[in-house]
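The block underneath contains the structure these notes are about, expressed in structure tokens.
So you know, we letter chains A, B, ... as the sequences are listed, proteins then strands, and number each from 1.
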2 protein chains.
Amino acid sequence: MIRDFFLGFIKIHILYHASKAPVCGIEIIKELRRHGYSISSGTIYPTLHALERHNYLRSENSVVGGKRRRYYQITKKGLKVLEASRKKISELVEEVMEQTEIGN
Amino acid sequence: MIRDFFLGFIKIHILYHASKAPVCGIEIIKELRRHGYSISSGTIYPTLHALERHNYLRSENSVVGGKRRRYYQITKKGLKVLEASRKKISELVEEVMEQTEIGN
DNA sequence: ATCATAATATCGAATCTCGATATCGGAATT
DNA sequence: AATTCCGATATCGAGATTCGATATTATGAT
């Protein structure tokens with residue numbers, strides 16, 4: 001359930017991080033793992049490709065510590081989508097957050 | 001993109017509504033449509049079945065205005081999952097909500 | 001009984017995710 | 001500079017999910 005939510009949320013999460021600093025696949029995977037979510041590389045990389053195809057991200061190759069990496073940074077279009085997403089998220093989440101008294 | 005986010009969120013949304021009052025498929029579809037999301041009946045009904053299979057919801061048939069309906073209400077197990085989801089959601093959402101200054 | 005209608009259920013196609021495997025690029029070794 | 005190693009990225013097939021069209025079901029009206 002929570003995983004379901006998160007899987008949908010992942011794209012926005014990537015956009016958010018890319019809005020702070022350039023990100024690459026392996027960093028995202030590791031960061032998520034630190035937070036307790038293990039997302040397959042077979043999900044992350046195609047997702048990054050899709051975000052770039054939509055022009056929300058733009059990438060370039062680079063080399064860090066002798067390792068090849070493809071870094072993605074957010075575009076203006078991506079920033080707008082992130083901003084629009086934030087609005088929708090607060091709407092949607094706010095409602096669900098209203099407590100229901102819970103039995104046991 | 002926003003749609004992607006919401007699709008994962010839908011199950012939690014259904015649990016939330018079912019925690020307030022019994023819900024049925026057509027009502028959920030209409031409510032979402034009011035909020036600007038058109039979710040296929042081919043998604044909603046299988047989703048309801050899955051939630052019942054997991055024992056998060058329990059259903060019974062009834063008749064309203066001469067129309068057959070299957071109403072779902074939340075179970076204790078479902079309430080617990082909803083509660084756990086709320087905690088995770090606020091964690092996940094909080095981070096992404098930090099504003100990035102947006103150009104234009 | 002038959003029909004019309006609304007709600008639910010199901011179906012095939014397209015898409016997404018997984019995790020395993022393949023590829024690719026850089027650096028070290030010789 | 002060819003070979004090998006290694007880590008990051010890319011891709012693949014299988015299973016699951018979503019869509020929207022179609023089928024089924026249950027009810028009330030004729």
Item to check | Under 3.5 Å donor-acceptor, A:Arg86 side chain and B:Val96 backbone | outcome: yes
Checklist entry - Can you list every salt bridge (Lys or Arg N to Asp or Glu O under 4.0 Å) pair that touches residues 40-50 of chain B, not counting sequence neighbours? => result none
Checklist entry - So what does B:Gly42 touch, heavy atoms closer than 4.0 Å: a base, only the sugar-phosphate, or nothing? => result base
Item to check | DNA chain C: 5'-proximal contact among A:Ser41 and B:Gly25 (nearest heavy atom) | outcome: B:Gly25
Item to check | Any residue meeting ring pair (Phe, Tyr, Trp, His ring centres under 6.0 Å) with A:Tyr72, in chain and number order, not counting sequence neighbours | outcome: none
Checklist entry - Taking only residues two or more places apart in sequence or in another chain, which ones pass ring pair (Phe, Tyr, Trp, His ring centres under 6.0 Å) with B:His49? => result none
Item to check | Members of residues 46-61 of chain B that approach DNA chain C, where some heavy atom sits under 4.0 Å away | outcome: B:Pro46, B:His49
Next on the checklist: Nearest whole Å is fine: how far is C:dA7 P from B:Tyr71 OH?
Outcome noted: 9 Å
Checklist entry - Do the side chain of B:Thr75 and the main chain of B:Asn55 share a donor and acceptor less than 3.5 angstrom apart? => result yes
Checklist entry - A:Tyr71: what forms a ring pair (Phe, Tyr, Trp, His ring centres under 6.0 Å) with it, not counting sequence neighbours? => result none
Item to check | A:Phe5 ring center within less than 6.0 Å of B:Phe5 ring center | outcome: yes
Checklist outcome for this item: With sequence neighbours left out, the residues meeting salt bridge (charged side-chain N to carboxylate O under 4.0 Å, His left out) with A:Glu91 are A:Lys88
Item to check | Minimum-distance nucleotide (side-chain atoms of A:Tyr72 versus C:dG19, D:dA10, C:dA9) | outcome: D:dA10
For nucleotides 28-30 of chain C, print each protein N/O atom paired with a nucleotide N/O atom at under 3.5 Å, atom names and distance only.
none

Checklist entry - salt bridge (Lys or Arg N to Asp or Glu O under 4.0 Å): which pairs involve residues 35-61 of chain A, sequence neighbours left out? => result none
Next on the checklist: Please determine whether a side-chain nitrogen or oxygen atom of B:Arg70 lies at a distance below 4.0 Å from atom OP1 or OP2 of C:dA9.
Outcome noted: yes
Checklist entry - Can you check the B:Glu27 CD to C:dA6 P distance for me, whole Å? => result 16 Å
Next on the checklist: Whole angstroms only, please: what is the CD1-C1' distance between B:Ile39 and D:dT17?
Outcome noted: 12 Å
Checklist entry - With distance as the sole test, does A:His54 use its side chain to make a donor-acceptor pair with the main-chain N or O of A:Ala50 at under 3.5 Å? => result yes
Checklist entry - What residues, two or more places apart in sequence or in another chain, satisfy salt bridge (charged side-chain N to carboxylate O under 4.0 Å, His left out) together with A:Arg69? => result A:Glu27
Next on the checklist: List the residues meeting side-chain contact (heavy atoms from CB on, under 4.5 Å) with B:Leu7, not counting sequence neighbours, and say none if there are none.
Outcome noted: B:Arg3, B:Ile39
Item to check | Presence of A:Tyr45 side-chain N/O under 4.0 Å of D:dT9 phosphate oxygens OP1/OP2 | outcome: yes
Next on the checklist: The test is salt bridge (charged side-chain N to carboxylate O under 4.0 Å, His left out); show your working for A:Glu83 and A:Lys80 and say whether it passes.
Outcome noted: CA-CA 5 Å; A:Glu83 207 40 51; A:Lys80 284 179 187 170; over 6 Å; no
Item to check | Residues touching DNA chain C, which here means a heavy atom under 4.0 Å, drawn from residues 3-14 of chain B | outcome: none
Next on the checklist: Looking at B:Gly65, is its backbone amide N or carbonyl O close enough to the side chain of B:Lys67 to form a donor-acceptor pair, meaning the two atoms are under 3.5 Å apart?
Outcome noted: yes
Checklist entry - How long is the line joining CD1 of A:Ile26 and C1' of D:dA8, in whole Å? => result 6 Å
Next on the checklist: So if I define the base as every atom that isn't primed, P, OP1 or OP2, how would nucleotides 25-30 of chain D read as a B/S/- string at a heavy-atom cutoff under 4.0 Å?
Outcome noted: BSSS--
Checklist entry - Once you round it to whole Å, what is the distance between P of D:dA10 and CD1 of A:Ile44? => result 12 Å
Item to check | Euclidean distance, atom CZ of residue A:Arg69 to atom P of C:dT23 [Å, nearest integer] | outcome: 23 Å
